[in-house]
Novice: 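Provided herewith is a single structure, encoded as structure tokens, for subsequent inquiry.
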Amino acid sequence: MMSTPEMTNVVENCKELDQLRKAQEEVLLEINKMHKRLQTTPEVVEKPGDTSLIRLKNLYTHAKELSEAEVRVSNMLLSQLDGLLPPGPPGQQRRRIEGNDQKKKRMKPDSDISRVSPSMRNQLDNCASLKGEQVAARVTTEESDKDEYIVVKVMHFDRETKEFEVLDEEPGDDEEGGGQRKFKLPMSHIIPFPKRSDPSSAPDFPPGRAVLAVYPSTTALYKATVVNSRKRKTEDYLLEFDDDEGEDGSMPQRTVPFYNVVALPEGHRQ
């Protein structure tokens, strides 16, 4: 059965997603108004003191931030729903669906395009825009006992399969061949990091909140608890990582940049 706290988190994220989409619609309306104004009277930008272009740039920046936030919340929802779905039977369901796909192969391109909603298209665009960026990626399967998250570089996003091709830029050990590892991962396994150059787009986690963060001097992410209350978004977090006790049993507090801290996925196993 689904526990009440888990469903509460899903509902809260659904509400946040709705709010983000409404905010996006409002920003797009403002952008369209600015476009019409500039098309009707383009000479207005040449007047001293006119701020039309600055305002338009700010609107586009805000729209981009909202889109990135939508991807973050959508990925969180996917992870939460994955944790609530029962294991086993979906495998049979998948095989039946694959069989149907083979029968309808010739229809696939047209039917897929028609079914893509504006919101999904926007999400796919945001995923594609992550190419070349570093993200947090879960590289373990659903069957694994623990969730392993590492920092990877996005090489490609396939819109049809909705899969990321990512590269672990850290050389592996001798058992792994010593080379860089590549993975193909679903959207639900990818968490974008906050933009280092845009602290305003980063979520603000209060003291006591459980998060997922890059452990200092590594490319691995672990569950941690926020210790400090930050006054500015550019400030580092002070975190206590789980299972990080010192020899005396005390829990060291470690400093982590805001752009290396993300929300803890629902049902995270460590």
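None of the values given here were measured: they were computed from a predicted structure.
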Novice: With a 4.0 Å cut-off, would you call Glu30 and Lys33 a salt bridge?
Specialist: yes

Novice: Quick check: does any side chain N or O of Asn126 sit under 3.5 Å from a backbone N or O of Asn122, one acting as donor and the other as acceptor?
Specialist: yes

Novice: Please determine whether a side-chain nitrogen of the Lys or Arg among Glu169 and Lys182 lies less than 4.0 Å from a carboxylate oxygen of the Asp or Glu.
Specialist: no

Novice: For Lys64, is there an ion pair with Glu68 - N to carboxylate O distance below 4.0 angstrom?
Specialist: yes

Novice: Given the rule in the side chain to side chain contact (heavy atoms under 4.5 Å, CB included) test, do Arg181 and Val166 qualify, once you have shown the distances and angles that lead to the verdict?
Specialist: CA-CA 9 Å; Arg181 296 182 295 170; Val166 300; over 6 Å; no

Novice: Is there a path of hydrophobic side-chain contacts, each under 4.5 Å between heavy atoms of I/L/V/M/F/W/Y residues, joining Val261 to Phe241?
Specialist: yes

Novice: Evaluate the side-chain proximity of Ser200 to Glu65: yes if any heavy-atom separation is below 4.5 Å, no if none is.
Specialist: yes

Novice: State, with a plain yes or no, whether a side-chain heavy atom of Val226 is found less than 4.5 Å away from one of Leu239.
Specialist: yes

Novice: Are Val256 and Tyr222 connected into the same hydrophobic cluster when the rule is that any two of I, L, V, M, F, W, Y join if their side-chain heavy atoms are below 4.5 Å apart?
Specialist: yes

Novice: Do Pro252 and Glu240 have side-chain heavy atoms sitting under 4.5 Å apart?
Specialist: no

Novice: When clusters are formed by joining ILVMFWY residues with side-chain heavy atoms under 4.5 Å apart, either directly or through shared neighbours, do Val227 and Phe258 land in the same one?
Specialist: no

Novice: Please check this pair: side chain of Thr255 against backbone of Leu238, looking for a donor-acceptor N/O pair closer than 3.5 Å.
Specialist: no

Novice: Between the side chains of Gln123 and Glu70, is a donor N or O closer than 3.5 angstrom to an acceptor N or O?
Specialist: no

Novice: Look up atom CG in Leu59 and atom CD1 in Ile54, then write down how far apart they are to the nearest 0.5 Å.
Specialist: 12.0 Å

Novice: State, yes or no, whether a side-chain contact exists between His268 and Lys223 at a heavy-atom distance under 4.5 Å.
Specialist: yes

Novice: Can you tell whether the side chains of Arg72 and Glu16 come within less than 4.0 Å, N to carboxylate O?
Specialist: yes

Novice: With a 4.5 Å cut-off on side-chain heavy atoms, are Ser229 and Pro206 touching?
Specialist: no

Novice: One pair to check against side chain to side chain contact (heavy atoms under 4.5 Å, CB included): Val152 and Leu167. What are the steps and the verdict?
Specialist: CA-CA 5 Å; Val152 297; Leu167 175 68; 6.0 Å; no

Novice: So do the side chains of Leu130 and Phe193 get within less than 4.5 Å of each other, counting heavy atoms only?
Specialist: no

Novice: Please lay out, stage by stage, how Glu133 and Lys195 fare under the test salt bridge (charged side-chain N to carboxylate O under 4.0 Å, His left out).
Specialist: CA-CA 10 Å; Glu133 299 281 343; Lys195 297 286 185 185; 3.5 Å; yes

Novice: Between Val135 and Ile191, does a side chain to side chain contact (heavy atoms under 4.5 Å, CB included) hold up when you go through it step by step?
Specialist: CA-CA 6 Å; Val135 297; Ile191 305 176; over 6 Å; no

Novice: Take Thr140 and Tyr149 through the test side chain to side chain contact (heavy atoms under 4.5 Å, CB included) and record every step on the way to the result.
Specialist: CA-CA 8 Å; Thr140 45; Tyr149 279 86; over 6 Å; no

Novice: Between Phe183 and Met187, is there a shared hydrophobic cluster once you connect ILVMFWY residues whose side-chain heavy atoms come closer than 4.5 Å?
Specialist: yes

Novice: For Ser144 and Lys146, indicate whether the former's side chain and the latter's backbone hold a donor-acceptor pair under 3.5 Å.
Specialist: no

Novice: Distance-only, no hydrogens or angles: does the Asn228 side chain make a donor-acceptor pair with backbone N or O of Arg230 under 3.5 Å?
Specialist: no

Novice: Can you check whether Arg269's main-chain N or O pairs, donor with acceptor, with Asp147's side chain at less than 3.5 Å?
Specialist: yes

Novice: Between the side chain of Asp242 and the main-chain N/O of Ala224, is any donor-acceptor distance below 3.5 Å?
Specialist: no

Novice: Salt-bridge test for Arg232 and Glu235: reply yes if a basic N is under 4.0 Å from a carboxylate O, no otherwise.
Specialist: yes

Novice: Does a sphere of radius 6.0 Å around CZ in Arg159 hold more than 12 heavy atoms from other residues, nucleotides or ligands, not counting ones at 6.0 Å or beyond?
Specialist: yes

Novice: Could you tell me whether the side chain of Asn58 reaches within less than 4.5 Å of the side chain of His62, counting heavy atoms only?
Specialist: no

Novice: Using a strict threshold of under 4.0 Å (side-chain N to carboxylate O), is an ion pair present between Glu142 and Arg138?
Specialist: yes

Novice: Indicate yes or no for a side-chain donor-acceptor contact from Arg209 to the backbone of Leu264 under 3.5 Å, with no hydrogens or angles considered.
Specialist: no

Novice: Return yes if a side-chain donor-acceptor contact under 3.5 Å exists between Asp244 and Tyr215, otherwise no.
Specialist: yes

Novice: Between Val139 and Val214, is there a shared hydrophobic cluster once you connect ILVMFWY residues whose side-chain heavy atoms come closer than 4.5 Å?
Specialist: no

Novice: Checking Tyr237 side chain against Phe205 main chain: does a donor-acceptor pair fall under 3.5 Å?
Specialist: yes

Novice: Does CG belonging to Asp145 count more than 12 external heavy atoms closer than 6.0 Å?
Specialist: no

Novice: Measuring only between side-chain heavy atoms, which start at C-beta, is Asn75 closer than 4.5 Å to Ser188?
Specialist: no

Novice: Could you tell me whether Lys233 and Asp198 make a salt bridge, using a distance below 4.0 angstrom between a side-chain N and a carboxylate O?
Specialist: no

Novice: If you take the centroid of each ring, where Trp contributes its six-membered ring, are Phe164 and Phe157 closer together than 6.0 Å?
Specialist: yes

